[in-house]
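Following: one structure in structure tokens, then a few remarks.
Letters A, B, ... are given to chains in the order of the sequence lines, protein chains preceding strands, and every chain is numbered from 1. Only a predicted model underlies this, so the values are computations on that prediction, with no experimental measurement involved. Below, all heavy atoms of this structure are taken into account, side chains as well, without hydrogens, waters or symmetry copies.
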Protein chains: 2
Amino acid sequence: MQINMSTRELRAFVALAELRNFTRAAERCHLSQPAFSALIRSLEEHIGGRLFDRTTRQVELTVEGAGFLEAAQRLLREADTAVADVRDHVARRRGRVAIAALPSLAAGWLPPLLARYHARYPDIELDVADVLSDDCIARVQTGRADFALASTQASANGLRAERFCADSFHLVCRDDHPLAAQTGHLKLSELSGWPVIQLARSSSVRQHVDAALHPRRLSSFLELEQLSTVAAMVREGLGVSVVPTLTLFHFDHPRLRARPVVAAGLKRQVYLLRRADRALSSAAQGLYELLMAQRPGFRSAA
Amino acid sequence: MQINMSTRELRAFVALAELRNFTRAAERCHLSQPAFSALIRSLEEHIGGRLFDRTTRQVELTVEGAGFLEAAQRLLREADTAVADVRDHVARRRGRVAIAALPSLAAGWLPPLLARYHARYPDIELDVADVLSDDCIARVQTGRADFALASTQASANGLRAERFCADSFHLVCRDDHPLAAQTGHLKLSELSGWPVIQLARSSSVRQHVDAALHPRRLSSFLELEQLSTVAAMVREGLGVSVVPTLTLFHFDHPRLRARPVVAAGLKRQVYLLRRADRALSSAAQGLYELLMAQRPGFRSAA
DNA sequence: CGATCTTACGGGATTCGTAAACATA
DNA sequence: TATGTTTACGAATCCCGTAAGATCG
């Protein structure tokens with residue numbers, strides 16, 4: 001037979017067991033003494049036996065009550081920590097957020113936002129996977145990431161996608177390059193003939209550029225994996241490159257110039273992907289809200 | 001901040017977490033669905049955050065709620081076992097009784113009563129110390145025995161004594177002994193001249209006999225520790241002895257005769273000793289009541 | 001006789017169930 | 001539209017505090 005028992009009853013029981021005095025135990029529980037007495041009596045009735053031997057002058061635990069005291073104290077401790085735990089998680093005093101983001105976002109735009117999040121919730125563990133789109137999706141699907149910022153929509157597969165931001169592209173070249181002679185927008189056609197340093201075909205950046213040019217192709221003589229390497233090559237004058245605006249921080253150098261590129265369809269959409277069947281944890285929700293409030297192109301690129 | 005939380009709230013939470021459906025979870029808790037809904041809401045308010053993400057069509061644990069679920073299930077398990085434990089002890093389904101009793105009582109009169117107690121409460125552990133009075137007292141004082149049957153009053157020392165029974169004495173001798181020629185009561189004076197086999201001076205039996213005779217003394221030529229040895233010696237015709245009535249079972253033999261002894265003050269009082277500051281456990285109380293109901297000389301010597 | 005627990009009882013808060021409103025697939 | 005949750009609300013219950021009563025040292 002299962003009983004209804006409240007922490008208040010247990011606290012009353014423990015107080016009386018420790019103080020051996022109804023009046024003082026009632027005070028500790030912020031109850032009138034008769035109310036406290038009734039509480040103890042009801043607990044004893046529920047349990048089906050005396051927990052205390054009492055006269056008007058003396059209150060003592062029964063042998064059975066002494067056994068219950070240990071259990072009651074342990075139960076109270078555990079109940080308190082259980083509640084404190086969930087409160088901590090809800091209040092973001094503890095917890096963990098795991099996200100996945102394209103390297104181009106993870107390296108440039110994300111860090112200052114993560115810093116702000118960490119300053120606000122210093123005891124939340126952060127796990128950022130700077131991986132390509134496919135891995136981003138896999139991590140969200142398997143629950144290893146709470147959400148992801150990637151450039152594929154992937155609306156199927158139990159994921160929910162919402163548009164996060166749109167990233168345009170820039171030409172980057174050295175200041176002594178002919179294309180650096182002008183400022184302002186650049187048409188893709190102006191690139192023809194110039195050697196272009198590109199990223200590997202597996203990267204979403206490269207795929208966007210290729211798709212925008214189709215069926216034309218840039219004259220590429222060098223393919224690299226990392227944008228930072230691309231920047232170094234451009235600095236050496238080996239060629240120019242076309243990169244998303246959000247990655248321009250890689251090319252922040254006195255001798256490098258950037259010009260926006262205009263081309264139909266040359267726009268990289270970034271989506272925020274999350275599981276459709278699961279709500280975000282409080283900690284993840286906090287990061288989500290911060291990212292959404294600071295999404296590039298909507299208010300201020302942080 | 002400590003919260004009031006009841007097992008009913010926890011059970012409701014666990015039911016909803018498992019069934020993911022308010023209506024069915026309410027049924028399991030024997031509540032109307034709106035009442036159940038209010039219960040969950042109040043639990044969430046106390047905790048300060050959502051435990052479930054719910055629409056009218058879907059109920060899912062939040063990440064925080066999932067963490068709380070484990071704690072809630074553990075808490076319920078422990079609360080149930082704690083209550084079951086104390087109930088078992090109160091109901092004498094489990095427990096332990098330790099008593100101390102004079103060897104003369106422990107060997108003859110006590111065993112059938114213990115057997116009855118054990119038949120009634122088979123899962124109560126029994127611990128009987130068949131020791132002399134001083135040890136009986138010490139065991140009760142130190143808590144190693146719940147109560148004791150001994151022949152010293154020992155009203156001081158934090159013990160409470162109540163008269164248990166009075167034991168008279170018998171002469172025992174072999175059928176060919178002159179004292180066996182008569183039946184009926186025997187005066188102590190009739191013993192003079194006959195060799196008497198006695199117990200050691202440390203035994204309460206011997207002390208009673210000596211006190212009753214004072215300042216006379218029996219002609220003792222043989223002192224023994226155990227009554228069973230006394231019986232063997234008497235059977236051999238080495239002498240007679242004077243022993244408490246309750247120990248006559250040692251002398252139950254075809255060739256042995258027993259005659260009641262009349263003498264002023266030759267009466268052994270047996271007291272039940274218990275700690276004054278402590279009530280008996282339920283298990284001990286059960287044995288106490290059985291022993292009191294069956295005390296020798298008050299109704300029937302079992 | 002004084003300190004302390006229990007009982008009695010009226011008032012207030014809590015909680016229940018029914019019924020209606022609301023929301024989502 | 002059907003299923004299922006929330007809101008509204010009157011009623012029953014529970015629980016508290018004051019005051020009187022009982023009990024033990």
* Asked: Rounded to whole angstrom units, what separation is found between the CZ atom of A:Phe22 and the C1' atom of C:dT6?
  -> 9 Å
* Just checking A:Ser32: base, sugar-phosphate only, or nothing, at a heavy-atom cut-off of under 4.0 Å? -> base
* Closest nucleotide among C:dT18, C:dT4, C:dT7 to the B:Pro34 side chain -> C:dT18
* **salt_bridge(B:Asp80, B:Arg11) N-O dist < 4.0 Å** => yes
* Range on DNA chain D touched by chain A - first to last nucleotide, heavy-atom distance under 4.0 Å -> D:dC16 to D:dG25
* Asked: Does any N or O in the side chain of B:Arg92 come within less than 3.5 Å of the main-chain N or O of B:Ser282, such that one atom is a donor and the other an acceptor?
  -> yes
* **Rounded distance in Å - CZ (B:Arg41) to P (C:dT14)** => 14 Å
* Starting at atom CG of A:Leu31, determine the distance to atom C1' of C:dG12, rounded to an integer number of angstrom. => 15 Å
* Spacing of B:Leu43 atom CG relative to C:dT15 atom C1', expressed in whole Å -> 15 Å
* **Between C1' of C:dC5 and CD of A:Glu27, the distance in whole Å** => 14 Å
* What's the CZ-C1' distance between A:Arg20 and C:dC5, to the nearest Å? -> 17 Å
* Phosphate OP1/OP2 of C:dC5 contacted by A:Thr55 side-chain N/O (<4.0 Å) -> no
* **Distance, rounded to the nearest Å, where B:Gln33 contributes CD and C:dA19 contributes P** => 15 Å
* Asked: How long is the line joining CG of B:Asp53 and P of C:dT24, in whole Å?
  -> 13 Å
